[in-house]
Amino acid sequence: MYPSNKRSKSIGNRQEGSFLLEGLIALLIFAFGILGLVGMVAGSIRASNDARYRTEAINLANAIVGDMWTTQPTALDTEFGTGGAKLTTWKTQAASLLPSASGANAPQIDLTQPGISSQSRSVVVTIFWQLPGETERHQILMTAQIGKNT
């Protein structure tokens, strides 16, 4: 007779660790899937923060231009020029809402551009910010005509 018992026993001994190996491979595949998911969530959070800061910058630029439209043209330089009360308040607000929006990244207003008529001027508002952990500096630039355009 052929000893089939010994042959099946030797096959069983060779397969004893296969179930453990399959479990470890499944765990490794699952871990890579979780790491990919965490990476996607991190990218989503970064994009969401970037959109939020961009929206804040646009709102700040719109607010200062709106404030200029309601200010008398003769008071623009004193209120929004270097050291002006409204400019200082606005820069403080920008620094509180945007990361690194102070120092070299402080917002700027250029009141020196001529307007499309002799009774108006072109105003350029530039807002900078830098996300934490990044070297890239973001900016919003808005141009508006202040005064009479006729």
[X] to [Y] - nearest heavy-atom pair and separation:
| X | Y | value |
| --- | --- | --- |
| Ala57 | Ile140 | CB-CG1, 3.6 Å |
| Arg121 | Gln113 | CB-O, 3.5 Å |
| Thr143 | Ser122 | CG2-OG, 3.4 Å |
| Pro107 | Ala101 | CD-O, 3.7 Å |
| Trp129 | Pro99 | CB-O, 3.4 Å |

(Q) Apply side-chain contact (heavy atoms from CB on, under 4.5 Å) to residues Val123 and Phe80 and explain how you reach the verdict. (A) CA-CA 10 Å; Val123 175; Phe80 299 100; over 6 Å; no
With no hydrogens and no angle check, is any side-chain donor or acceptor of [X] less than 3.5 Å from a backbone partner on [Y]?
| X | Y | value |
| --- | --- | --- |
| Asp110 | Val124 | no |
| Gln93 | Leu97 | no |
| Ser44 | Met40 | no |
| Ser120 | Gly115 | no |
| Thr89 | Ala85 | yes |
| Gln145 | Ile116 | yes |
| Trp90 | Leu60 | yes |

(Q) Whether Arg46 and Asp50 form a salt bridge (side-chain N of Lys/Arg under 4.0 Å from carboxylate O of Asp/Glu) is what I want to check. (A) no
Q: Let me see the working for Tyr53 and His138 under side-chain contact (heavy atoms from CB on, under 4.5 Å), right down to the final yes or no.
A: CA-CA 9 Å; Tyr53 292 133; His138 301 273; over 6 Å; no
Q: Supply the atom-to-atom distance Leu76 CG to Ile146 CD1, rounded to the nearest 0.5 angstrom.
A: 6.5 Å
Q) Would Met68 and Leu111 satisfy side-chain contact (heavy atoms from CB on, under 4.5 Å), going step by step from the backbone distance to the final call? A) CA-CA 11 Å; Met68 286 179 191; Leu111 298 169; 4.2 Å; yes
Q: In sequence, state the C-alpha distance, the side-chain angles, and the governing distance for Glu22 and Ile25, and then conclude on side-chain contact (heavy atoms from CB on, under 4.5 Å).
A: CA-CA 5 Å; Glu22 288 173 2; Ile25 290 172; 5.8 Å; no
